[in-house]
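To start, the structure itself, in structure tokens.
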Amino acid sequence: MINSLHRPTAARVNLEHILFNLHQVMSHLPADTQAWPVVKANAYGHGAVAVAEKLAPHAAGFCLSNLDEALELRKAGIKTPLLVLGVVPPEAVVRAVEQTVQLTVSSRDWLTAVKNFQPDLSGFQFHIKVDSGMGRLGFRDSQDINQTVADLLDHGAEFAGIFTHFATADEADSCYFQEQLAFFQTVLDQLPVQPKIVHASNSAASIWYPDSVFSAVRLGDIIYGLNPSGRTLDVPYPIKPALTLTSELVQVKQVPAHTKIGYGASYESSASEWIGTLPIGYADGLTRDMQGFRLLANGQFCEIVGRVSMDQITVRLPKYYPIGTTVTLIGQEGSAAISVQDWAEYRKTINYEIVCLLSDRIPRIYK
Ligand SMILES: *Cc1c(COP(=O)(O)O)cnc(C)c1O
């Protein structure tokens with residue numbers, strides 16, 4: 001989808017805030033910990049190339065979810081080590097090696113398939129993924145891991161890392177986290193060869209279990225100024241939200257009582273009302289379940305009335321405002337604010353999903 005530039009809807013991304021957040025987390029971890037910011041999914045909607053360019057001098061590497069995301073950064077001239085966390089198609093390993101992209105090995109079957117395409121694995125930098133309790137990707141058995149590592153080394157590959165991923169580090173109860181940690185530690189204890197780095201902590205584990213990080217951390221949500229627990233746990237130091245979303249009133253009309261608004265004629269004005277139209281809709285990631293949510297126009301909260309359309313929404317204004325009036329959808333106006341977390345709660349989801357779903361139609365403007 002192309003950026004729509006001839007439309008007053010835009011996301012402003014403060015890269016200084018992202019750097020600030022990265023420093024905040026890292027300054028609360030042991031001094032030799034490596035930062036591997038997670039810039040998958042277009043840096044959680046914030047713009048992967050811009051974020052990676054900003055953080056490159058402060059990052060040991062970046063994490064991506066698939067090979068194309070890594071290649072995007074290489075194409076943009078990013079020279080920092082890159083790690084793909086997901087499963088890359090076996091035939092694409094050659095491309096990863098060419099572009100010095102480190103890959104995750106999470107099963108023996110996958111490695112067998114890779115060797116069919118690529119018997120010589122020299123230059124292949126791999127990270128072993130341990131499934132310590134997430135149940136998704138990874139090995140669950142130490143012997144299996146050690147055989148796979150030996151096999152990879154025999155074929156000329158480099159043991160760049162070993163890692164796991166926590167399922168509950170953002171929850172108040174630490175029981176399952178401790179179980180996963182203990183399992184991972186057992187696997188590490190049985191490794192006959194040491195990799196360059198060991199990493200387990202996502203944002204939540206880095207924030208709430210700073211004593212349990214290994215040699216590197218994979219930081220996503222928190223660097224974008226979002227609390228990975230929502231409002232369950234407090235982040236013990238200040239962080240700054242990095243993204244604001246604004247639009248402008250493109251039409252304002254006064255309607256009499258009993259006027260229907262939008263698809264399905266689902267809203268009817270109860271009195272004479274001022275209705276403003278904004279050029280943003282579900283194709284931008286402002287989903288239909290946002291009907292009834294309140295936005296900020298001129299420092300006043302205004303409800304989205306009528307259905308959310310693909311490209312437009314309508315809001316009830318407290319009085320006449322001229323076209324061109326800025327409306328804040330995420331961000332601050334004076335003492336009033338709307339956060340990504342507010343969107344998430346309204347939509348009964350997590351803040352991650354809100355920023356990831358802001359579509360490419362919304363231009364990102366960098367500060
Ligand atoms: C996405 C992801 C992360 C980052 O998680 P946050 O909660 O955003 O910090 C870390 N590790 C893996 C394996 C991931 O998939």
Side-chain angles (χ1 to χ4, degrees), residues 18 21-26 28-29 33-46 48 51-52 55 59-70 81-88 101-107 126-139 160-171 176-177 180-181 183-184 197-210 212-233 235 239 241-243 340-341 344 349-358:
I18 296 177
N21 296 330
L22 177 67
H23 283 322
Q24 279 292 71
V25 184
M26 295 310 294
H28 292 83
L29 296 177
T33 311
Q34 292 186 7
W36 284 67
V38 180
V39 295
K40 65 190 178 190
N42 200 27
Y44 296 41
H46 293 67
V51 171
L55 299 187
F62 291 111
C63 298
L64 292 313
S65 83
N66 62 51
L67 183 57
D68 299 280
E69 292 177 342
L82 303 176
L83 166 62
V84 174
L85 300 167
V87 179
V88 166
V101 173
Q102 307 180 16
L103 299 182
T104 296
V105 178
S106 56
S107 74
F126 68 93
H127 291 240
I128 293 288
K129 175 76 185 278
V130 179
D131 176 11
S132 60
M134 185 74 168
R136 218 165 51 170
L137 297 178
F139 293 90
I162 188 164
F163 72 108
T164 194
H165 193 41
F166 294 115
T168 62
D170 57 347
E171 293 175 11
Y176 197 66
F177 174 87
Q180 283 197 261
L181 186 63
F183 181 94
F184 186 50
I197 61 168
V198 178
H199 48 114
S201 306
N202 55 2
S203 296
S206 305
I207 300 164
W208 294 297
Y209 300 94
S212 305
V213 301
F214 295 86
S215 47
V217 291
R218 305 183 306 270
L219 302 175
D221 211 46
I222 190 69
I223 65 172
Y224 306 106
L226 303 172
N227 179 335
S229 80
R231 296 192 212 270
T232 306
L233 301 170
V235 179
I239 52 163
L243 181 142
V340 172
Q341 186 60 30
T349 182
I350 56 174
N351 56 47
Y352 295 70
E353 196 180 22
I354 303 301
V355 282
C356 286
L357 289 185
L358 295 177

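Atoms within each ligand, like the ligands themselves, are counted from 1 in listed order.
In this structure, His127 NE2 and Leu83 CG are separated by 4.5 Å, a value rounded to the nearest 0.5 Å. How far CG of Asp170 is from CG of Asp221: 9.5 Å, rounded to the nearest 0.5 Å.
Among all protein heavy atoms, the one lying closest to atom 9 (O) of ligand 1 is Ser203 OG, 2.5 Å. Nearest protein neighbour of atom 12 (C) of ligand 1, counting heavy atoms only, is His165 CE1, 3.4 Å.
Distances between N or O atoms of Gly220 and those of ligand 1 include at least one value under 3.5 Å.
Residues Arg218 and His165 have side chains in contact (heavy-atom distance under 4.5 Å, counting atoms from C-beta outward). Between Thr104 and Leu137, every side-chain heavy-atom pair lies at or beyond the 4.5 Å cut-off.
Across the listed options Arg218, Met134, Lys40, Lys40 owns the non-hydrogen atom lying nearest to atom 1 (C) of ligand 1. The nearest non-hydrogen atom to atom 4 (C) of ligand 1, considering only Tyr352, Tyr44, Tyr224, comes from Tyr44.
In the vicinity of Asp221, heavy-atom distances shorter than 4.0 Å reach the ligand 1 atoms 6 (P), 8 (O), 9 (O). Of all the atoms in ligand 1, the ones that sit under 4.0 Å from a non-hydrogen atom of Leu85 are 12 (C), 13 (C), 14 (C), 15 (O).
For an aromatic pair to be called close, the ring centres must be under 6.0 Å apart, and Phe214 with Phe184 satisfies this.
Remark: the backbone N or O of Phe139 is not paired with any side-chain donor or acceptor of Asp131 at under 3.5 angstrom.
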